[in-house]
Amino acid sequence: MRDIVDASLFLRLSRRNRGPEDTMRPGSLRRVLIANIVSSNSAASTASVFSGIPENAIEDVQVSHCYFQHRGLEPSKDPLKPSPDWRTRQVPELEEAYPDLNRFVQTSSHGFFIRHMKQLSMSQVEIAPLNLDPRPAFWLEDVQRADFFAINAPRQPNFALRNVTDLRILWSRAASDATLQHVVDQTL
């Protein structure tokens, strides 16, 4: 993928429930394998999004051997309108809205925004912003069991964790090795 205007990947599980009440059941998104993708010069200020909903998580996603290059967060040119602080950015849930990446606006991370997910595995993945981007490469919120192996990103705090259980980061340039059982709010 070259010169795309949106994020490279978008997995969304929502609650639109547009059918008859007695026939509706929760949807599912599981057992997804994404491999061997190269994305260069993406213009998106929105990270790749993997987002379920609080009571219905996306399950068992593997991402491997991928390269994601993007332009990075553009600094505000207007001194009266500074860029929003990524630490306080609230990405809306939009559970009942049409699953569209543009509705998420700017995310609080520049590589992947991951929320309401079980069993994520990423290996041999590189996040490469062309310009300095102060946001972490990964934002994990309400995630159960995530493994990151051989991840490459600019050396800075790259993992923002909110209510994450069973996390492993190994052999990565993006962060030091870590095994965490439960994290309420931490940045690595």
Side-chain angles (χ1 to χ4, degrees), residues 1 4-13 34 37 39-54 57-58 61-63 66-76 82-94 99-118 120-165 167-169 172-176 178 180 183-188:
M1 293 183 268
I4 59 175
V5 296
D6 285 334
S8 304
L9 303 173
F10 183 63
L11 300 179
R12 176 67 171 146
L13 186 57
I34 299 168
I37 291 178
S39 175
S40 60
N41 199 32
S42 167
S45 63
T46 302
S48 290
V49 173
F50 296 174
S51 184
I53 57 176
I58 296 173
V61 173
Q62 296 180 19
V63 181
C66 295
Y67 175 80
F68 300 101
Q69 179 194 67
H70 61 87
R71 293 184 195 156
L73 188 63
E74 296 287 329
S76 176
S83 297
D85 184 7
W86 65 267
R87 292 171 209 77
T88 59
R89 174 79 178 111
Q90 296 292 318
V91 177
E93 290 277 355
L94 303 171
D100 180 2
L101 179 65
N102 292 325
R103 294 176 190 260
F104 285 89
V105 193
Q106 188 182 86
T107 54
S108 45
S109 59
H110 66 85
F112 283 85
F113 180 84
I114 301 163
R115 179 168 55 195
H116 311 308
M117 185 165 215
K118 296 178 183 176
L120 169 68
S121 174
M122 285 197 184
S123 63
Q124 307 288 332
V125 172
E126 182 171 354
I127 310 297
L130 292 171
N131 300 309
L132 179 64
D133 196 319
R135 300 173 296 171
F138 298 91
W139 180 281
L140 280 71
E141 184 176 324
D142 185 28
V143 174
Q144 299 172 22
R145 197 176 140 212
D147 297 321
F148 293 89
F149 178 74
I151 304 298
N152 195 2
R155 197 70 170 154
Q156 66 181 33
N158 275 313
F159 289 86
L161 311 172
R162 308 293 183 266
N163 193 24
V164 175
T165 56
L167 171 77
R168 293 186 303 175
I169 302 170
S172 295
R173 288 185 169 88
S176 299
L180 304 170
V183 175
V184 174
D185 187 352
Q186 183 176 350
T187 303
L188 305 173

For this session: Taking the six-membered ring for Trp and the full ring for Phe, Tyr or His, determine whether the centres of Phe68 and Phe112 are under 6.0 Å apart.
Result: yes

Exercise. Using 4.0 Å as the upper bound for N to carboxylate O, is an ion pair formed by Arg162 and Asp185?
Worked result: yes

For this session: List the atom of Ser108, the atom of Pro136, and the distance in Å for their closest heavy-atom pair.
Result: O-CD, 3.5 Å

For this session: To the nearest 0.5 Å, tell me how far Ile127 CD1 sits from Ile151 CD1.
Result: 7.5 Å

Exercise. Counting distance only, does the side-chain N/O of Arg115 pair as donor-acceptor with the main-chain N or O of Phe50 below 3.5 Å?
Worked result: no

Problem set entry | Straight-line distance of Phe149 CZ to Gln124 CD, nearest 0.5 Å | 6.0 Å

Seminar exercise, completed: So the side-chain hydrogen bond (donor to acceptor under 3.5 Å, both in side chains) pairs with at least one residue in residues 126-140 (sequence neighbours excluded) are Asp133-Arg135, Trp139-Glu141

Problem set entry | Expected output: side-chain Ser42 to main-chain His70 donor-acceptor under 3.5 Å | no

Exercise. Are the side chains of Leu161 and Leu167 in touch, meaning some heavy atoms are under 4.5 Å apart?
Worked result: yes

For this session: Take Leu11 and Val49 through the side-chain contact (heavy atoms from CB on, under 4.5 Å) test and state the conclusion after the steps.
Result: CA-CA 6 Å; Leu11 300 179; Val49 173; over 6 Å; no

For this session: For Ser39, enumerate each residue passing the side-chain hydrogen bond (donor to acceptor under 3.5 Å, both in side chains) test, keeping only those at least two apart in sequence or located in another chain.
Result: Ser8

Problem set entry | Expected output: side-chain Thr107 to main-chain Ser109 donor-acceptor under 3.5 Å | yes

Exercise. What distance separates Ser51 OG from Ile58 CD1, expressed to the nearest 0.5 Å?
Worked result: 6.5 Å

Problem set entry | CG on Leu120 to CD on Gln144, rounded to 0.5 Å | 12.5 Å

For this session: Identify the two heavy atoms, one from Ala43 and one from Arg71, that lie closest to each other, and give their separation to 0.1 Å.
Result: CB-NH1, 3.3 Å

Exercise. Please, which pairs that meet salt bridge (charged side-chain N to carboxylate O under 4.0 Å, His left out) have at least one residue in residues 40-54, sequence neighbours excluded?
Worked result: none

Exercise. How far does OG of Ser172 sit from CZ of Phe148, to the nearest 0.5 angstrom?
Worked result: 9.0 Å

Exercise. Checking Gln69 side chain against Asn41 main chain: does a donor-acceptor pair fall under 3.5 Å?
Worked result: yes

Exercise. So, for Glu93 and Gly52, which heavy atoms are closest and what is the spacing to 0.1 Å?
Worked result: OE1-O, 4.3 Å

Exercise. Is Asn163 close to Val184 at the side-chain level, that is, under 4.5 Å between some pair of heavy atoms?
Worked result: no

Problem set entry | CA sep, side-chain torsions, deciding dist, call: Val183, Thr165, side-chain contact (heavy atoms from CB on, under 4.5 Å) | CA-CA 6 Å; Val183 175; Thr165 56; over 6 Å; no

For this session: With rounding to the nearest 0.5 Å, note down the distance linking NE2 in His110 to OG in Ser48.
Result: 11.5 Å

For this session: Begin with the C-alpha distance, continue with both residues' side-chain angles, and end with the deciding distance and a verdict on side-chain contact (heavy atoms from CB on, under 4.5 Å) for Leu188 and Ile169.
Result: CA-CA 10 Å; Leu188 305 173; Ile169 302 170; 3.8 Å; yes

Seminar exercise, completed: When every non-hydrogen atom of Asn152 is compared with those of Arg173, the smallest separation belongs to OD1-CB, 3.6 Å

Exercise. How are the rings of Phe138 and Phe159 set relative to one another: parallel (under 30°), tilted (30 to 60°) or perpendicular (over 60°)?
Worked result: parallel

Exercise. Can you name the closest pair of heavy atoms from Leu140 and Val164 and give their distance?
Worked result: O-CG2, 3.6 Å

For this session: Kindly indicate whether the side chain of Gln156, heavy atoms from C-beta on, has any atom under 4.5 Å from the side chain of Thr187.
Result: no

